[in-house]
2 protein chains.
Amino acid sequence: MRASPPKEIEKYRVDAVDAALGVLQLIAEAPDLGLSEITRRSGQSKARVYRLLCSLEASNFISSTAEKRTYRLGLAALAIGNAAERQIDIARIAGPIIAKLGSSTGETVQLRVRDGRNSLCVAGWEPERAVKVLAGIGGSRPMHAGSGVVLLAFQDEAFRETLLSEPLKAFTERTCVDPDRLRQVLANVRSQGFYVSHGEVSPDLISISAPVMGPDGKIIATIHIGAPTGRVSESLLPTLVETVRSAARELSALLAASRNPG
Amino acid sequence: MRASPPKEIEKYRVDAVDAALGVLQLIAEAPDLGLSEITRRSGQSKARVYRLLCSLEASNFISSTAEKRTYRLGLAALAIGNAAERQIDIARIAGPIIAKLGSSTGETVQLRVRDGRNSLCVAGWEPERAVKVLAGIGGSRPMHAGSGVVLLAFQDEAFRETLLSEPLKAFTERTCVDPDRLRQVLANVRSQGFYVSHGEVSPDLISISAPVMGPDGKIIATIHIGAPTGRVSESLLPTLVETVRSAARELSALLAASRNPG
DNA sequence: CCGATTGGTTCGCTAGATGAACCAATGGTT
DNA sequence: AACCATTGGTTCATCTAGCGAACCAATCGG
């Protein structure tokens, strides 16, 4: 069977399916919208959106609240998500390590992977404290800020450059949006093997990230802890960095082991 | 706007979308199958399945392992699932109550709702013990066995009868598959307000379930604890039953409160 | 009381999805 | 090593199924 000639996924896509999945993701991001609003945001025709909604609803991927005629995710979406958690190696294997890192540091932990040009949180852990960072599992954002920087640092140069050549969104005034400075930062991350971010994603938030590498030397994910700046003193930092790095190494090793069964 | 005339969801369904969602669910249940096997199981034509797979993959709902040409759920599925967990009232609100019930009894907890003619686990909790029942979040099975009995007991009579009129699958030799006896059991559950199941779903497993009711008197879910039979002595049972029932009542109240905001 | 907007429905047209047939590559069997 | 069944992937003429414009009745806000 043909091994390498790249199969042409793009040219076989079924338009109706793409549109439906788009609507589904729209509803995931913005629940409780009505037909008209969904139509507007999706840029499709109303009749089409309505039909897609019917199909999605009939399969229980979405459900419409009885009277208000407004849509949100349904039970099938729940089921799919939980199946995904079991099927996706990294989410499953990382679980225990994330929990350990969390309870030993007492701070929120996130595991993020590249999803297209975004950084997506695939697993997380939250401490039982009044003040904490939200884990936001399933959340997605550009990878040029916060722990995403680590993810970006270890991508192919080509990918990095195309991403740097586009306008970069500033989340706070501390977000680095200058390509040249960012290039410097990325080089630093590559040589040091970790990254500490101060208020780049939201003010008063500090995060410490380290890369999870595959046996082929490619990056798989970033693991990081996030804490309110007040809780991370200058003296505490080095210990935390080492704790995060060792968790990242441990996860890298476990993943490598799982790929070569036996 | 028309209030009651039932909108005709069925007749607007888009075939390609239905087929795609079917394939997606197939992959959720049985990951790591190849094109041919998926084609066989879905009963569609190979070309169609291939196109659907392309669309699903392009949107990251599934991903194909590089060389083995085999498919499993992708990152978008994860993201959707986590969004669903946040959007679906019952899954979100039940979280703390489930955890409390779990840690106070030391046994696995499940919250199950009706999904079509099945009972679907929407949330769960597992103890940190060597021997325990699996939570199986996202799992689905017929509702005539185990805690599903409670779900069935409080459905409309019409629904109950149509379900009873069909052949009932026996999971173990203790599963009740006789319509008449089952009718008796259901009546009992309705009058007592709880149900204790011994090895109906799998041997050596006991479960104690109570219904979560809506303000309209309709059933919303069942909450139950599941334990190895050996850990539940005759003398312990009454206390456990009361603990489960009170958790169910608490959840019912919380849900009622959330529906009438303010 | 009115105009704007909502969710839902109809219908004729044709773009686009469809399935049968085909291909090359692979792997187990003899 | 020659075989055959099976795999993942591709093509193309056919015709159906999805399409959007237009429409409807029910609400809502003012």
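Predicted, not measured: the structure shown is a model, and the values here were computed from it. Per chain, numbering begins at 1; letters A, B, ... match sequence-line order. Hydrogens, waters and symmetry mates play no part in the numbers below; they use all other heavy atoms, side chains included.
- Rounded to whole Å, the distance from CZ on A/R40 to P on C/dA4 is 15 Å.
- B/S55 contributes a side-chain N or O that, together with a main-chain N or O of A/V14, makes up a donor-acceptor pair within less than 3.5 Å.
- Between B/L53 atom CG and C/dA17 atom P there is a gap of 16 Å when expressed in whole angstrom units.
- B/D216 contributes a side-chain N or O that, together with a main-chain N or O of B/K218, makes up a donor-acceptor pair within less than 3.5 Å.
- The shortest distance between side-chain heavy atoms of B/I27 and B/F61 does not fall below 4.5 Å.
- Of the residues listed (B/R41, B/K46, B/R40, B/R48), the one engaging B/Q44 in a side chain to side chain donor-acceptor pair (under 3.5 Å) is B/R48, and it is the only one.
- Taking atom OH of B/Y12 as the reference point, atom C1' of C/dT10 lies 7 Å away to the nearest angstrom.
- Side-chain to base pairing of A/K46 with C/dG8: one donor and one acceptor N or O lie within less than 3.5 Å of each other.
- Contact annotation: B/R69 does not reach the phosphate of D/dT6 (side-chain N/O to OP1 or OP2, under 4.0 Å).
- A/S119 places no side-chain N or O within 3.5 Å of a backbone atom of A/M143 that could act as its donor or acceptor partner.
- Atom pair B/D18:CG and D/dA17:C1' shows a separation of 13 Å (rounding to whole Å applied).
- Rounded to an integer number of Å, the gap from A/L35 CG to C/dT9 C1' is 12 Å.
- Under the side-chain hydrogen bond (donor to acceptor under 3.5 Å, both in side chains) criterion, the residue pairs touching residues 141-154 of chain A are A/S147-A/H224, with sequence neighbours excluded.
- Between A/V23 and A/Y71 the shortest side-chain heavy-atom distance does not fall below 4.5 Å.
- Summarising the geometry, the separation between CD1 on B/I38 and P on D/dG8 is reported as 8 Å, rounded to the nearest angstrom.
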Considering only nitrogen or oxygen atoms on both sides, find all protein atoms under 3.5 Å from nucleotides 19-21 of chain D and state each distance.
residue : atom : partner : partner atom : Å
D/dC19  : OP1  : A/R48   : NE           : 2.4
D/dC19  : OP1  : A/R48   : NH2          : 2.5
D/dG20  : OP2  : A/S45   : OG           : 2.6
D/dG20  : O6   : A/R51   : NH1          : 3.4

So which protein nitrogen or oxygen atoms get under 3.5 Å of nucleotides 28-30 of chain D's nitrogens or oxygens?
none

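- Rounded to whole angstrom, the span from the CD atom of A/E57 across to the C1' atom of C/dG7 amounts to 12 Å.
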Tabulate below the donor-acceptor pairs under 3.5 Å that side-chain atoms of residues 164-171 of chain A make, not counting sequence neighbours, or state none.
residue : atom : partner : partner atom : Å
A/S165  : OG   : A/T162  : O            : 2.6
A/E166  : OE1  : A/R117  : NH1          : 2.6
A/E166  : OE2  : A/R117  : NH1          : 2.7

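- Residues satisfying the side chain to side chain donor-acceptor pair (under 3.5 Å) criterion with B/R183, sequence neighbours excluded, are B/E161, B/D180.
- Across the protein-nucleic acid pair, B/Y50 atom OH and C/dA17 atom C1' stand 16 Å apart, rounded to whole Å.
- A rotation axis mapping the C1' atoms of four pairs onto the next four is fitted at both ends of the helix from C/dC1-D/dG30 to C/dT30-D/dA1 over five pairs, and the angle between these axes is 50° to 10 degrees.
- By the 4.5 Å heavy-atom criterion applied to side chains, B/V189 and B/F154 are counted as neighbours.
- The closest donor-acceptor contact from the side chain of A/E85 to the backbone of B/N82 lies at 3.5 Å or more, if one exists at all.
- Under 4.0 angstrom from either OP1 or OP2 of D/dT7 there lies at least one side-chain N or O belonging to B/S36.
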